[in-house]
Amino acid sequence: MLGKLLKKDFRSTYRFFLPLMGGYTIAAAVGKILFEIVLSVLDSAGHTSALSEGIAIFSVFYLIICVIYLVACYLMTSVFVVYDFYKTMVSDDGYLTHTLPVRTSTLICSKTLIAVMWQIVVNLIISLSFLLIFTGHFSQLPVKYFFKYFASSWNMDSFAYGIYSVLNILVESFQRPLLFFACIAIGQQWKNHRILGAILAYIGISIATQIINTIAIIMTGVSSLYQDFTLSGYMLYSLIFGIITTVGFYLVSDYMLSKKLNLE
(Lines give C-alpha, C1' and ligand atoms only; values in the text may rest on other atoms or scores of the structure.)
Protein backbone atom coordinates (compact mmCIF):
# COMPACT_ATOMS: atom_id res chain seq x y z
CA MET A 1 0.00 0.00 0.00
CA LEU A 2 2.93 2.32 0.66
CA GLY A 3 3.96 2.01 -2.98
CA LYS A 4 0.53 3.15 -4.16
CA LEU A 5 0.61 6.09 -1.76
CA LEU A 6 4.06 7.08 -3.02
CA LYS A 7 2.78 7.11 -6.61
CA LYS A 8 -0.24 9.18 -5.56
CA ASP A 9 1.85 11.69 -3.60
CA PHE A 10 4.37 11.95 -6.42
CA ARG A 11 1.64 12.77 -8.91
CA SER A 12 0.20 15.41 -6.59
CA THR A 13 3.56 17.15 -6.07
CA TYR A 14 5.45 16.91 -9.34
CA ARG A 15 3.35 19.64 -10.95
CA PHE A 16 4.80 22.04 -8.36
CA PHE A 17 8.41 20.94 -8.60
CA LEU A 18 8.96 20.30 -12.31
CA PRO A 19 8.42 23.96 -13.40
CA LEU A 20 10.64 25.11 -10.51
CA MET A 21 13.43 22.71 -11.42
CA GLY A 22 13.05 23.35 -15.14
CA GLY A 23 13.30 27.11 -14.62
CA TYR A 24 16.41 26.78 -12.49
CA THR A 25 18.07 24.45 -15.01
CA ILE A 26 17.55 26.99 -17.81
CA ALA A 27 18.74 29.83 -15.56
CA ALA A 28 21.89 27.86 -14.67
CA ALA A 29 22.67 27.16 -18.34
CA VAL A 30 22.34 30.85 -19.22
CA GLY A 31 24.38 31.68 -16.12
CA LYS A 32 27.22 29.47 -17.39
CA ILE A 33 27.30 31.38 -20.68
CA LEU A 34 27.32 34.74 -18.93
CA PHE A 35 29.94 33.55 -16.45
CA GLU A 36 32.28 32.74 -19.32
CA ILE A 37 31.55 36.16 -20.85
CA VAL A 38 32.48 37.87 -17.58
CA LEU A 39 35.76 35.94 -17.40
CA SER A 40 36.62 36.74 -20.99
CA VAL A 41 35.96 40.44 -20.36
CA LEU A 42 38.11 40.39 -17.24
CA ASP A 43 40.93 38.69 -19.14
CA SER A 44 40.90 41.53 -21.65
CA ALA A 45 40.29 44.25 -19.07
CA GLY A 46 43.04 46.41 -20.49
CA HIS A 47 41.24 47.03 -23.78
CA THR A 48 37.54 46.51 -23.12
CA SER A 49 34.87 48.41 -25.00
CA ALA A 50 31.82 50.03 -23.50
CA LEU A 51 29.70 47.21 -24.95
CA SER A 52 31.86 44.55 -23.31
CA GLU A 53 31.70 46.32 -19.97
CA GLY A 54 27.93 46.58 -20.29
CA ILE A 55 27.66 42.85 -21.01
CA ALA A 56 29.86 42.11 -18.00
CA ILE A 57 27.73 44.26 -15.70
CA PHE A 58 24.55 42.62 -17.00
CA SER A 59 26.09 39.19 -16.51
CA VAL A 60 27.00 39.95 -12.90
CA PHE A 61 23.46 41.09 -12.16
CA TYR A 62 22.09 37.96 -13.82
CA LEU A 63 24.34 35.75 -11.72
CA ILE A 64 23.05 37.53 -8.61
CA ILE A 65 19.51 36.72 -9.76
CA CYS A 66 20.58 33.07 -10.19
CA VAL A 67 21.76 33.03 -6.58
CA ILE A 68 18.41 34.47 -5.47
CA TYR A 69 16.65 31.80 -7.56
CA LEU A 70 18.81 29.18 -5.85
CA VAL A 71 17.66 30.35 -2.41
CA ALA A 72 14.08 30.44 -3.69
CA CYS A 73 14.38 26.80 -4.80
CA TYR A 74 15.19 25.72 -1.26
CA LEU A 75 12.43 27.85 0.22
CA MET A 76 9.80 26.83 -2.32
CA THR A 77 10.66 23.16 -1.82
CA SER A 78 9.69 23.49 1.85
CA VAL A 79 6.62 25.56 0.95
CA PHE A 80 5.36 22.96 -1.55
CA VAL A 81 5.93 20.11 0.91
CA VAL A 82 4.09 21.96 3.69
CA TYR A 83 1.25 22.98 1.40
CA ASP A 84 0.70 19.46 0.09
CA PHE A 85 0.70 17.98 3.61
CA TYR A 86 -1.66 20.62 4.96
CA LYS A 87 -4.04 20.33 2.03
CA THR A 88 -4.26 16.54 1.95
CA MET A 89 -4.08 15.80 5.69
CA VAL A 90 -5.86 18.52 7.71
CA SER A 91 -7.88 20.63 5.26
CA ASP A 92 -11.15 19.66 3.57
CA ASP A 93 -9.27 17.15 1.40
CA GLY A 94 -8.28 15.42 4.62
CA TYR A 95 -11.74 13.84 4.82
CA LEU A 96 -10.93 11.86 1.68
CA THR A 97 -7.35 11.09 2.70
CA HIS A 98 -8.29 9.67 6.09
CA THR A 99 -10.98 7.44 4.60
CA LEU A 100 -8.30 5.45 2.76
CA PRO A 101 -7.80 1.94 4.21
CA VAL A 102 -4.28 2.73 5.45
CA ARG A 103 -2.79 3.66 8.79
CA THR A 104 -1.91 7.26 9.55
CA SER A 105 1.71 6.24 10.03
CA THR A 106 1.80 4.96 6.44
CA LEU A 107 0.42 8.26 5.15
CA ILE A 108 3.11 10.16 7.08
CA CYS A 109 5.83 7.82 5.79
CA SER A 110 4.71 8.39 2.21
CA LYS A 111 4.64 12.17 2.62
CA THR A 112 8.06 12.11 4.26
CA LEU A 113 9.70 9.93 1.62
CA ILE A 114 8.32 12.11 -1.18
CA ALA A 115 9.58 15.24 0.61
CA VAL A 116 13.04 13.68 1.01
CA MET A 117 13.05 12.64 -2.64
CA TRP A 118 12.33 16.18 -3.81
CA GLN A 119 15.00 17.58 -1.49
CA ILE A 120 17.51 15.18 -3.02
CA VAL A 121 16.43 16.18 -6.53
CA VAL A 122 16.75 19.87 -5.69
CA ASN A 123 20.20 19.39 -4.13
CA LEU A 124 21.32 17.27 -7.07
CA ILE A 125 20.20 19.80 -9.67
CA ILE A 126 21.78 22.69 -7.78
CA SER A 127 25.04 20.75 -7.32
CA LEU A 128 25.12 19.91 -11.03
CA SER A 129 24.47 23.57 -11.86
CA PHE A 130 27.55 24.57 -9.86
CA LEU A 131 29.58 21.90 -11.63
CA LEU A 132 28.33 23.28 -14.94
CA ILE A 133 29.15 26.88 -14.10
CA PHE A 134 32.66 26.13 -12.82
CA THR A 135 33.55 23.49 -15.42
CA GLY A 136 37.02 24.26 -16.74
CA HIS A 137 37.94 26.39 -13.73
CA PHE A 138 38.21 23.89 -10.87
CA SER A 139 42.00 24.06 -10.86
CA GLN A 140 41.71 27.72 -9.90
CA LEU A 141 39.44 27.02 -6.90
CA PRO A 142 41.14 26.03 -3.61
CA VAL A 143 38.09 24.03 -2.49
CA LYS A 144 40.05 20.91 -1.56
CA TYR A 145 42.53 22.85 0.55
CA PHE A 146 39.76 24.88 2.19
CA PHE A 147 37.98 21.80 3.56
CA LYS A 148 41.26 20.21 4.59
CA TYR A 149 42.33 23.35 6.46
CA PHE A 150 38.89 23.79 8.01
CA ALA A 151 38.80 20.25 9.35
CA SER A 152 42.38 20.31 10.66
CA SER A 153 41.86 23.68 12.39
CA TRP A 154 39.08 22.07 14.46
CA ASN A 155 41.10 18.99 15.42
CA MET A 156 39.33 16.70 12.99
CA ASP A 157 40.50 14.80 9.90
CA SER A 158 38.80 15.59 6.61
CA PHE A 159 37.50 12.02 6.09
CA ALA A 160 35.67 12.00 9.45
CA TYR A 161 34.32 15.46 8.71
CA GLY A 162 32.94 14.23 5.39
CA ILE A 163 31.29 11.18 6.96
CA TYR A 164 29.66 13.22 9.72
CA SER A 165 28.52 15.84 7.21
CA VAL A 166 26.84 13.26 4.95
CA LEU A 167 25.11 11.56 7.88
CA ASN A 168 23.89 14.87 9.31
CA ILE A 169 22.57 15.97 5.91
CA LEU A 170 20.77 12.63 5.53
CA VAL A 171 19.14 12.91 8.96
CA GLU A 172 18.22 16.55 8.36
CA SER A 173 16.50 15.54 5.10
CA PHE A 174 14.02 13.56 7.20
CA GLN A 175 14.03 15.90 10.18
CA ARG A 176 12.94 19.04 8.35
CA PRO A 177 9.72 17.76 6.71
CA LEU A 178 8.76 15.84 9.85
CA LEU A 179 9.19 19.04 11.88
CA PHE A 180 6.73 20.80 9.57
CA PHE A 181 4.35 17.84 9.73
CA ALA A 182 4.46 17.78 13.53
CA CYS A 183 3.72 21.53 13.70
CA ILE A 184 0.78 21.15 11.31
CA ALA A 185 -0.50 18.18 13.32
CA ILE A 186 -0.34 20.23 16.51
CA GLY A 187 -1.83 23.33 14.87
CA GLN A 188 -4.87 21.47 13.52
CA GLN A 189 -6.15 21.31 17.08
CA TRP A 190 -7.03 25.01 16.73
CA LYS A 191 -10.32 24.77 14.87
CA ASN A 192 -10.42 28.27 13.41
CA HIS A 193 -6.72 29.16 13.52
CA ARG A 194 -4.89 26.07 12.31
CA ILE A 195 -2.19 27.93 10.39
CA LEU A 196 -1.53 30.23 13.34
CA GLY A 197 -1.38 27.20 15.62
CA ALA A 198 1.15 25.51 13.32
CA ILE A 199 3.29 28.66 13.23
CA LEU A 200 3.24 28.97 17.03
CA ALA A 201 4.12 25.29 17.35
CA TYR A 202 7.06 25.81 14.96
CA ILE A 203 8.29 28.81 16.95
CA GLY A 204 7.98 26.91 20.23
CA ILE A 205 9.80 23.82 18.95
CA SER A 206 12.52 25.94 17.32
CA ILE A 207 13.15 27.87 20.54
CA ALA A 208 13.28 24.65 22.57
CA THR A 209 15.78 22.99 20.21
CA GLN A 210 17.93 26.12 20.07
CA ILE A 211 18.10 26.25 23.85
CA ILE A 212 19.14 22.59 24.00
CA ASN A 213 21.77 23.12 21.29
CA THR A 214 23.14 26.20 23.04
CA ILE A 215 23.51 24.27 26.28
CA ALA A 216 25.28 21.48 24.38
CA ILE A 217 27.66 23.97 22.73
CA ILE A 218 28.51 25.51 26.10
CA MET A 219 29.08 22.09 27.65
CA THR A 220 31.45 21.08 24.82
CA GLY A 221 33.51 24.19 25.51
CA VAL A 222 33.08 26.02 22.19
CA SER A 223 32.23 29.23 24.03
CA SER A 224 35.30 29.00 26.26
CA LEU A 225 38.56 30.63 25.24
CA TYR A 226 40.51 28.23 27.42
CA GLN A 227 39.26 24.89 26.08
CA ASP A 228 39.87 23.07 22.83
CA PHE A 229 36.77 22.40 20.81
CA THR A 230 36.60 19.18 18.79
CA LEU A 231 34.27 19.48 15.84
CA SER A 232 33.81 15.72 15.70
CA GLY A 233 32.31 15.70 19.21
CA TYR A 234 29.72 18.32 18.37
CA MET A 235 28.89 16.77 15.01
CA LEU A 236 28.34 13.41 16.72
CA TYR A 237 26.04 15.14 19.19
CA SER A 238 24.19 16.84 16.28
CA LEU A 239 23.73 13.48 14.58
CA ILE A 240 22.31 11.81 17.70
CA PHE A 241 20.14 14.84 18.53
CA GLY A 242 18.89 14.92 14.94
CA ILE A 243 17.90 11.25 15.03
CA ILE A 244 16.08 11.67 18.36
CA THR A 245 14.16 14.76 17.23
CA THR A 246 13.30 13.17 13.88
CA VAL A 247 11.77 10.16 15.61
CA GLY A 248 10.03 12.50 18.05
CA PHE A 249 8.49 14.60 15.26
CA TYR A 250 7.26 11.44 13.55
CA LEU A 251 5.66 10.11 16.75
CA VAL A 252 4.00 13.46 17.47
CA SER A 253 2.60 13.64 13.94
CA ASP A 254 1.33 10.07 14.08
CA TYR A 255 -0.28 10.52 17.51
CA MET A 256 -1.93 13.87 16.78
CA LEU A 257 -3.30 12.79 13.38
CA SER A 258 -4.47 9.35 14.46
CA LYS A 259 -5.71 10.05 17.99
CA LYS A 260 -6.44 13.79 18.02
CA LEU A 261 -7.51 14.50 14.45
CA ASN A 262 -9.88 17.46 14.20
CA LEU A 263 -11.20 18.22 10.71
CA GLU A 264 -14.29 20.15 11.79
Side-chain angles (χ1 to χ4, degrees), residues 6-85 87 110-150 158 161-163 165-177 180:
L6 288 172
K7 290 181 181 179
K8 174 181 175 294
D9 288 330
F10 175 78
R11 290 170 182 170
S12 66
T13 56
Y14 81 91
R15 65 176 180 272
F16 298 127
F17 288 96
L18 289 186
L20 181 69
M21 296 299 97
Y24 181 79
T25 302
I26 295 173
V30 177
K32 168 63 176 178
I33 298 173
L34 295 178
F35 181 69
E36 295 297 332
I37 292 175
V38 171
L39 291 181
S40 64
V41 170
L42 291 177
D43 289 339
S44 58
H47 49 279
T48 56
S49 65
L51 178 61
S52 298
E53 292 179 353
I55 294 175
I57 293 174
F58 171 77
S59 301
V60 170
F61 277 109
Y62 183 87
L63 292 175
I64 293 174
I65 294 175
C66 283
V67 173
I68 296 174
Y69 198 170
L70 181 151
V71 176
C73 282
Y74 281 110
L75 293 177
M76 293 308 296
T77 299
S78 297
V79 170
F80 290 155
V81 167
V82 170
Y83 172 76
D84 177 72
F85 187 85
K87 178 183 177 182
S110 177
K111 299 289 185 184
T112 303
L113 291 174
I114 290 297
V116 171
M117 182 205 72
W118 284 121
Q119 288 184 77
I120 292 174
V121 170
V122 170
N123 289 328
L124 181 61
I125 290 179
I126 290 176
S127 299
L128 290 176
S129 71
F130 275 102
L131 290 176
L132 173 66
I133 291 176
F134 292 106
T135 295
H137 307 285
F138 287 106
S139 60
Q140 305 170 14
L141 301 175
V143 177
K144 175 181 178 182
Y145 301 100
F146 171 78
F147 284 109
K148 186 175 181 179
Y149 173 78
F150 177 81
S158 56
Y161 174 76
I163 295 296
S165 297
V166 171
L167 291 176
N168 274 286
I169 291 173
L170 180 62
V171 171
E172 187 180 1
S173 297
F174 288 86
Q175 181 191 49
R176 181 173 295 275
F180 294 140

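Count residues from 1 along the sequence. Since the model is a prediction, treat every value here as computed from it, not as a measurement.
Here the shortest heavy-atom pairing between Ser12 and Asp9 reads OG-O, 2.9 Å. Of all heavy-atom pairs between Ile114 and Leu6, the closest is CD1-O, 3.6 Å. Closest non-hydrogen pair, Arg176 versus Ser78, comes out as CD-OG, 4.1 Å.
Relative orientation of the Trp118 and Phe10 rings is parallel, given thresholds of 30° and 60° on the angle between their planes.
For the atom pair CD1 (Ile68) and SG (Cys73), the distance works out to 12.0 Å, reported to the nearest 0.5 Å. Residue Phe174 holds its CZ atom at 9.0 Å from CD of Gln119, rounded to the nearest 0.5 Å. For the atom pair OG1 (Thr77) and CG (Leu20), the distance works out to 6.0 Å, reported to the nearest 0.5 Å. A distance of 12.0 Å separates CD1 of Ile26 from CE of Met21, quoted to the nearest 0.5 Å. In this structure, the separation between CD1 on Ile169 and CD1 on Ile120 is 11.0 Å, given to the nearest 0.5 Å.
The backbone N or O of Phe80 lies less than 3.5 Å from no partner atom in the side chain of Asp84, so there is not a single donor-acceptor pair.
Other residues, nucleotides and ligands contribute over 12 non-hydrogen atoms within 6.0 Å of the CZ atom of Arg15. A 6.0 Å sphere centred on OH of Tyr83 holds no more than 12 heavy atoms belonging to other residues, nucleotides or ligands.
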Evaluate the side-chain contact (heavy atoms from CB on, under 4.5 Å) criterion for residues Val81 and Phe17: first the C-alpha distance (whole Å), next the side-chain angles of each, then the deciding distance (0.1 Å), finally the verdict. CA-CA 10 Å; Val81 167; Phe17 288 96; 4.2 Å; yes

